Participant: 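Below you'll find the structure I mean.
Each chain gets a letter, A, B and so on, in the order the sequences are listed, and its residues count up from 1. None of the values given here were measured: they were computed from a predicted structure.
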Number of protein chains: 2
Amino acid sequence: MNIGEIAKRAGVSRSTVSYALSGKRAVSDHTREKIQRVIDDLGYRPNASARALANGRTNTIGLVFPPAGDHYTGMQLDFIGSVVEAAAAHDYDVLLSPSGVDSDRSFQRLLGERRVDGAILMEIRLQDDRVDHLLAENFPAVCIGRTAQPESDWWVGLDHTALAAACVHHLADLGHRRIAFVNRPERLLRAGYESAHRGLDGFTKAAAERGLTVRTYTCGDDAPSGQACLERILYDDPATTALVTLNEAALGGLYRGLAHAGRHVPRDFSVTGVVAARWAETVTPQLTAADMPAAQMGRLAVELLVERLDHPDAPPRHHLLAPPISLRASTGPAGTAAPATPGSDLNA
Amino acid sequence: MNIGEIAKRAGVSRSTVSYALSGKRAVSDHTREKIQRVIDDLGYRPNASARALANGRTNTIGLVFPPAGDHYTGMQLDFIGSVVEAAAAHDYDVLLSPSGVDSDRSFQRLLGERRVDGAILMEIRLQDDRVDHLLAENFPAVCIGRTAQPESDWWVGLDHTALAAACVHHLADLGHRRIAFVNRPERLLRAGYESAHRGLDGFTKAAAERGLTVRTYTCGDDAPSGQACLERILYDDPATTALVTLNEAALGGLYRGLAHAGRHVPRDFSVTGVVAARWAETVTPQLTAADMPAAQMGRLAVELLVERLDHPDAPPRHHLLAPPISLRASTGPAGTAAPATPGSDLNA
DNA sequence: AGGGATCAGCGAACCGGTTCGACGAAGGAG
DNA sequence: CTCCTTCGTCGAACCGGTTCGCTGATCCCT
């Protein structure tokens, strides 16, 4: 069931079979049909390893998965799904690589052993060895997110700075003066995750601009952490009337914390942030948020990568997305119901 | 940077380098160290395609992903993560295959082109061509879920029948007499998805056993569908006091529907079902549910597959899991608060 | 009718590993 | 001092494709 067998049964040479399949040289109609018949009869499919070895392309792209042991968020799932789908449309398979604890043994395998033609990296850090390494080797890769030096690279990113700022302005416009920021886990912030950093920056600057009183928190990627974080927020400053979060996985916990504290959303407390639409819709009241376009990002990343693979010398390209805030039901005017300490919220 | 280059620089033959790396024949310490030095200097890694071609193993397993265009649930995400992780521990990579709309073009590619040594299939149907096909070819595969003829196959599954029944008994013990069942989408039920069918069976039989009045529904895999479904449940029978769901993605919508209808959980209405623990914890009140052990299932599936790959003639093995119900906060005694129609719930 | 394109198909080399059989050197037994 | 193992290494064949260069046949043009 290899190409030689097909050739023998069709009464032609192996090369003719190869050309009939690839179309890279002319083959007479008569011969092609004869070959095709044999192939259909035997259900022959060319061996991927042999083909990859011969022409140096695996038709596979690597998707570098978030660190193992972490909690995965819904956004990541949408993202993986869209990458797989888009890749399939371009006739690529997707190989998953956990960018695991021992840094990147598996990552090195993908590249060093030439298992993939190119790679898509998630969870980018502002200073990212993996990215530096790939850039140095000019390995075809596309990042989901930007490092601190984004111009020379290929990526599709979210303008976290602008999104966090937009959330702040939205709340400020509603009259909120004391708001909290719920970031990704401390560990990720320390590690330099770009979304955590840029989001924090955008939040802080916009808040300063509007003269707001703010507190910023880090929070584990799960519901219990979200609940604990919210308790801490209200403990630190009971006059807080709103929060902005980047932490999708903690959202349910934040809501529960509010419910337990007796704060009704959005009457007593407003919540907003950057969250995939599908997840914003699962909470009650539905979250007013900048909808993270995970599926679109996955598709764009694959398209950039395919383009880069087809044109190895093309100049870097990228997409910076900044989806608008979708108004749902979790924000409202800063109410009189909030037990604000009078005077202290006029110090702007 | 291939094995010949290493051999030349180390002053040995290509085969000696190969043996030094694989350890399949003795190589003198002196020679091995010399070769290792050259390899370290050049950062050489053997080409995966060449190796796969030569020894017929790709060291890759295929993970057949749920149909494209569908909504992915949290359970699937945990599952994928754990498969990737467990596979990495056994030195396997994971190739994703969307078992897409055009049935299984990509699936055929994986197998026919020998891209993978084995496969893990998700979203099994009671009658599943893919499984039949793999069984006929004796292709090493492990299913997440059972077909109608499970004994001859390798799988790890959840005892949906028992789990749904346990939910019913839990509710019946609390005094609920009129309960609803919220299944996966109609399309999946029609297609013969095993979880949807076995869950429904278990629910129906247990309800009959306890003499309960029940209604069963199908529901889209998203929050808005969940909300709509709940409205319909209360419209069809306002005296309903509890529901059981297999539909993780609709959970948020079900809760919202209850909130809008003014039914307090668990005082006026109890909710339970089969849901991954992490997602059961995101809703408020936290869901009392049979915790779907997604991560464990992923790990077990990989272990079965690795075992099958190592022992091609081993007899079929499988694991049937039936996690207990975790008591959280979403169920309570059938209250007097529920507007039950007197008499009609005594008809057992 | 002769000469240069064009077309179809063939054979061989190559991609980068693995593995088998052979062979020389060293070591041990008789 | 032979003879037989064992050890370490080498060369060659092989896995299953792709691709290059060549050859014969056909065709067109003058």
Side-chain angles (χ1 to χ4, degrees), chain A residues 1-39 42-60 91 93 108-117, chain B residues 1-39 42-60 91 93 108-117:
Chain A
M1 49 205 82
N2 57 28
I3 201 173
E5 190 66 19
I6 303 295
K8 197 188 300 173
R9 303 210 188 191
V12 298
S13 73
R14 301 198 307 150
S15 50
T16 300
V17 176
S18 178
Y19 286 125
L21 283 168
S22 70
K24 294 195 179 170
R25 276 197 194 176
V27 172
S28 72
D29 290 353
H30 174 67
T31 309
R32 191 194 354 271
E33 284 159 18
K34 200 168 49 182
I35 292 171
Q36 193 57 53
R37 256 195 305 280
V38 176
I39 286 178
L42 274 67
Y44 163 78
R45 314 221 59 179
N47 179 300
S49 302
R51 189 196 295 241
L53 176 58
N55 66 15
R57 301 204 43 172
T58 60
N59 262 270
T60 302
D91 268 311
D93 283 325
Q108 297 294 0
R109 257 180 44 170
L110 285 204
L111 309 196
E113 303 184 1
R114 313 225 103 80
R115 268 172 211 271
V116 299
D117 296 334
Chain B
M1 45 201 90
N2 56 27
I3 202 174
E5 189 67 18
I6 303 296
K8 197 187 302 173
R9 303 209 189 192
V12 298
S13 73
R14 301 199 304 149
S15 50
T16 301
V17 176
S18 178
Y19 287 125
L21 284 168
S22 69
K24 295 193 179 171
R25 276 199 193 176
V27 172
S28 72
D29 289 353
H30 174 68
T31 308
R32 190 192 358 270
E33 283 160 19
K34 200 166 51 180
I35 291 172
Q36 194 56 53
R37 255 195 305 279
V38 176
I39 287 179
L42 274 66
Y44 163 79
R45 317 221 57 181
N47 180 300
S49 303
R51 187 196 299 238
L53 176 59
N55 65 14
R57 301 207 38 174
T58 59
N59 262 270
T60 302
D91 268 312
D93 283 324
Q108 297 294 0
R109 257 179 46 171
L110 285 204
L111 308 197
E113 303 184 0
R114 317 224 102 80
R115 269 170 210 271
V116 299
D117 296 335

Participant: Just how far, in rounded Å, is C1' of D:dC7 from OH of B:Tyr19?
Facilitator: 14 Å

Participant: With respect to the side chain of B:Ser15, which nucleotide from C:dA8, C:dG9, C:dC20 is positioned closest?
Facilitator: C:dC20

Participant: Taking only side-chain nitrogens and oxygens of A:Lys24, does any of them come within less than 4.0 Å of OP1 or OP2 of D:dT18?
Facilitator: no

Participant: Assign A:Ser28 to base, sugar-phosphate, or nothing according to its heavy-atom contacts below 4.0 angstrom with the strands shown.
Facilitator: sugar-phosphate

Participant: Counting side-chain heavy atoms from CB outward, which of C:dA8, D:dG17, C:dC10 is closest to A:Thr31?
Facilitator: C:dA8

Participant: Taking the nucleotide of DNA chain C with the closest heavy atom to each, which residue, B:Arg25 or B:Ser49, is nearer the 5' end?
Facilitator: B:Ser49

Participant: Given atom CG of B:Leu53 and atom C1' of C:dT19, what is their separation to the nearest angstrom?
Facilitator: 13 Å

Participant: Whole-Å distance between C:dC14 C1' and B:Asn2 CG?
Facilitator: 12 Å

Participant: State whether the side chain of B:Asp117 and the backbone N or O of B:Arg57 hold a donor-acceptor pair below 3.5 Å, judged by distance alone.
Facilitator: no

Participant: Starting at CG of B:Leu21 and ending at C1' of D:dT9, how long is that distance when rounded to a whole Å?
Facilitator: 15 Å

Participant: If we only count heavy atoms from C-beta on, is the A:Leu42 to A:Ile6 side-chain gap below 4.5 Å?
Facilitator: yes

Participant: Go through C:dC10, D:dC10, C:dG16 for me and flag the one nearest to the B:Ala54 side chain.
Facilitator: C:dG16

Participant: What integer distance in Å separates A:Asp29:CG from C:dG9:C1'?
Facilitator: 15 Å

Participant: Counting heavy atoms not belonging to A:Arg32, are there more than 12 under 6.0 Å from its CZ?
Facilitator: yes

Participant: Atom CZ of A:Arg115 to atom P of C:dG17: distance rounded to whole Å?
Facilitator: 13 Å

Participant: Can you measure B:Glu113 atom CD to D:dG16 atom P for me and round it to whole angstrom units?
Facilitator: 15 Å

Participant: So, OP1 or OP2 of C:dC10: does either fall under 4.0 Å of a side-chain N or O from A:Thr16?
Facilitator: yes

Participant: Considering only heavy atoms from C-beta outward, does the side chain of B:Leu21 approach that of B:Tyr44 to under 4.5 Å?
Facilitator: yes

Participant: In whole Å, what is the span from the CD1 atom of A:Ile3 to the P atom of D:dC14?
Facilitator: 18 Å

Participant: Find out whether B:Asn59 and B:Asp93 are in side-chain contact, i.e. whether some heavy atom of one side chain is under 4.5 Å from a heavy atom of the other.
Facilitator: no

Participant: Is there, by distance only and without an angle test, a donor paired with an acceptor across the side chain of B:Arg14 and the base of C:dG17 below 3.5 Å?
Facilitator: yes

